[in-house]
**Student:** 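Take this structure first; my questions come after.
Keep in mind that the numbers below use all heavy atoms, side chains included, and drop hydrogens, waters and symmetry copies. What you are looking at is a predicted structure, and each value in this text was computed from that prediction instead of being measured. Letters A, B, ... are given to chains in the order of the sequence lines, protein chains preceding strands, and every chain is numbered from 1.
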Number of protein chains: 2
Amino acid sequence: MARLEERPRELRRGTILLRENDPFSELYVLQRGMAMSYVLLDDGSRQILRFLFPGDMLAVSALVYRDSPETIVTLTDCTVCPFDRSVIGALITDHPRLSAIIMVVNQIEKVALTDRLAALGRTSAKARIAALLLEIRNRMRMTDKTIGNAFTLKLTQEEVGDATGLTAVHVNRMLRQLEEDGLIARDNGRVTLTNEAQLARAANYINRFDGLDLRWLPAAR
Amino acid sequence: MARLEERPRELRRGTILLRENDPFSELYVLQRGMAMSYVLLDDGSRQILRFLFPGDMLAVSALVYRDSPETIVTLTDCTVCPFDRSVIGALITDHPRLSAIIMVVNQIEKVALTDRLAALGRTSAKARIAALLLEIRNRMRMTDKTIGNAFTLKLTQEEVGDATGLTAVHVNRMLRQLEEDGLIARDNGRVTLTNEAQLARAANYINRFDGLDLRWLPAAR
DNA sequence: CGGTAAATTGACCTGGGTCAATAAATGTGG
DNA sequence: CCACATTTATTGACCCAGGTCAATTTACCG
């Protein structure tokens with residue numbers, strides 16, 4: 001695993017690491033910072049697919065597709081570690097336990113995607129935004145234990161909208177409502193979850209890093 | 001691979017193979033028929049996550065979670081081949097090329113999920129239904145080459161709605177409109193794509209089984 | 001200290017939801 | 001094969017969550 005993190009590269013906030021439909025063959029591990037991936041539809045609207053945090057692998061679809069199905073852009077200054085996809089081939093051959101773990105992570109991400117699918121298909125604007133806030137806070141806390149109920153949402157309201165399938169205007173209205181309901185407090189970009197239990201209820205939120213069962217994993221070679 | 005398909009089991013249409021939140025440890029290969037997976041939200045609404053076709057692996061999240069995150073139910077009579085998840089552990093250890101292929105399929109499925117995410121978040125009701133029709137026809141054609149532009153949608157309009165985040169009533173209206181626009185024809189459950197090019201344009205549809213690049217796969221052991 | 005991006009808010013609009021009635025299809029027991 | 005019961009499809013009337021447009025205000029940045 002350490003070998004993947006050899007050649008770190010620093011990126012400024014707002015750097016496009018990969019553009020939709022561009023050809024590519026490199027993968028990355030995100031070591032520091034926050035990024036996102038999105039697609040643009042042909043009416044010009046944007047759907048944010050995923051937020052990316054330290055430890056996440058970026059551009060994994062390079063394993064499969066000639067051209068990128070998504071754009072990846074940094075939301076803060078970031079450190080990434082590029083590696084060639086042939087490394088994955090070698091890893092699968094030589095490190096069964098590690099490749100099993102990659103499959104597990106993939107599976108978790110897939111379930112998280114289906115959660116968002118259900119949120120977009122079947123929940124209200126308020127619930128989707130509540131879920132987003134919880135998700136971001138939880139992901140941030142995984143790499144920064146000092147984060148409690150308050151954190152800086154590094155997203156514009158337009159980005160929140162593009163992630164939740166809403167307009168920036170309506171995001172603003174819902175944030176205000178969540179505040180009036182006493183579920184969150186806001187101060188500039190800083191959000192405090194003042195009633196996390198009720199927020200989680202409003203959001204239908206399930207933390208997919210809980211409830212794992214990994215006894216079947218093969219031993220390390 | 002053949003070993004996975006040893007003990008085939010026949011299931012009647014409408015059989016629940018796995019229920020959300022039930023504990024489990026078995027995986028399946030779907031050999032014949034069509035199934036779907038869905039979640040129920042606590043207001044009682046349903047989101048269909050995925051339709052399943054021959055060759056698909058079912059209940060893969062058993063690899064990871066103690067309790068199932070989704071319900072799986074057959075939409076037609078089906079043949080499934082159950083196997084224990086320990087088989088996957090063995091497979092990863094002994095068959096690198098095969099496990100790489102599993103990763104590739106997982107990745108394709110993930111990209112297909114993000115396509116649906118973008119559809120739910122950012123496209124109109126008509127576009128989502130058009131995309132669903134194309135997707136189902138294409139998946140059916142992969143195992144039944146006799147299928148051309150006409151096929152039997154084995155879904156009720158309510159199911160179409162639960163897959164696309166719409167109500168059954170609105171699905172009905174949109175199907176009628178697609179028909180009036182000359183993009184499809186309908187006769188009972190049978191759908192004919194009378195203008196596939198325009199339907200694909202309306203749907204923003206991308207076939208994710210095209211444009212693959214698999215040169216990096218490790219050789220068979 | 002301007003100048004631009006982001007947040008906020010009001011007024012108004014619309015795509016898709018809700019409710020309800022009817023018709024068509026499908027299934028079932030006898 | 002038939003009569004009835006249950007789903008499913010269809011349609012009209014009306015409603016509302018969230019979108020659109022436009023005007024300010026506030027925050028950020030060189």
**Student:** I'd like to know if A:Arg50 and A:Glu109 make a salt bridge, using a cut-off of under 4.0 Å between side-chain N and carboxylate O.
**Tutor:** yes
**Student:** How many whole angstroms separate atom CG of A:Asn172 from atom P of C:dA11?
**Tutor:** 16 Å
**Student:** Less than 4.0 angstrom between a side-chain N/O of A:Arg186 and OP1 or OP2 of C:dT8, yes or no?
**Tutor:** yes
**Student:** Salt bridge or not for B:Glu196 and B:Arg137, using N-O below 4.0 Å?
**Tutor:** yes
**Student:** Taking for each residue the nucleotide of DNA chain C with the nearest heavy atom, is it A:Arg122 or B:Arg13 whose nucleotide lies nearer the 5' end?
**Tutor:** A:Arg122
**Student:** Check A:Arg122 with B:Asp162, please: is the shortest side-chain N to carboxylate O separation under 4.0 Å?
**Tutor:** yes
**Student:** Can you find a donor-acceptor N/O pair under 3.5 angstrom joining the side chain of B:Arg173 to the base of C:dG17?
**Tutor:** yes
**Student:** Could you say whether B:Leu155 or A:Thr123 is positioned toward the 5' end of DNA chain D, judged by the nucleotide with the nearest heavy atom to each?
**Tutor:** B:Leu155
**Student:** Give the minimum heavy-atom separation between B:Met57 and B:Ile88, together with the two atoms involved.
**Tutor:** CE-CD1, 4.3 Å
**Student:** Atom CG of B:Leu120 to atom P of D:dG18: distance rounded to whole Å?
**Tutor:** 15 Å
**Student:** What nucleotide, of C:dG16, D:dA9, C:dA7, holds the atom closest to the side chain of B:Ser124?
**Tutor:** C:dG16
**Student:** When you measure from every atom of DNA chain C, which of residues 33-51 of chain A have a heavy atom less than 4.0 Å away?
**Tutor:** none
**Student:** Atom CG of A:Asp187 and atom P of D:dT26: how far apart are they, to the nearest Å?
**Tutor:** 15 Å
**Student:** Which listed nucleotide (C:dT8, D:dT11, D:dT20) is nearest to the side chain of B:Arg176?
**Tutor:** D:dT11
**Student:** Specify the separation, in whole Å, of atom CD1 of A:Ile129 and atom C1' of D:dG19.
**Tutor:** 14 Å
**Student:** Would you mind reading off the distance between A:Glu180 atom CD and C:dT8 atom C1', rounded to a whole angstrom?
**Tutor:** 13 Å
**Student:** How many whole angstroms separate atom CD of A:Glu158 from atom P of C:dT8?
**Tutor:** 14 Å
**Student:** Taking the minimum atom-to-atom distance to the side chain of B:His170, which one of D:dT11, C:dT9, C:dG16 wins?
**Tutor:** C:dG16
**Student:** Is any side-chain heavy atom of B:Tyr38 closer than 4.5 Å to one of B:Gln47?
**Tutor:** no
**Student:** The side chain of A:Thr156 is closest to which nucleotide in this list: D:dG12, C:dT26, C:dA7?
**Tutor:** C:dA7
**Student:** Do A:Gln107 and B:Ser61 touch side chain to side chain, with heavy atoms closer than 4.5 Å?
**Tutor:** yes
**Student:** Could you please name the option among C:dT8, D:dC28, C:dG17 that lies closest to any side-chain atom of A:Asn188?
**Tutor:** D:dC28
**Student:** Round to the nearest Å and state the distance from B:Met174 atom CE to C:dG15 atom P.
**Tutor:** 9 Å
**Student:** From D:dG18, C:dG16, D:dA22, pick the nucleotide closest to the side chain of A:Val169?
**Tutor:** D:dA22
**Student:** Please check if atom CZ in B:Arg13 has more than 12 non-hydrogen atoms from other residues, nucleotides or ligands closer than 6.0 Å.
**Tutor:** no
**Student:** Using a strict cut-off of less than 4.0 Å between a Lys/Arg side-chain nitrogen and an Asp/Glu carboxylate oxygen, indicate whether A:Glu10 and A:Arg32 qualify as a salt bridge.
**Tutor:** yes
**Student:** For A:Gly165, which contact category applies under a 4.0 Å heavy-atom criterion: base, sugar-phosphate, or nothing?
**Tutor:** sugar-phosphate
**Student:** Mind checking if A:Leu166 touches a base, just sugar-phosphate, or nothing, with heavy atoms under 4.0 Å?
**Tutor:** sugar-phosphate
**Student:** Can you tell me how far P of D:dT10 sits from CD of B:Gln177, to the nearest Å?
**Tutor:** 14 Å
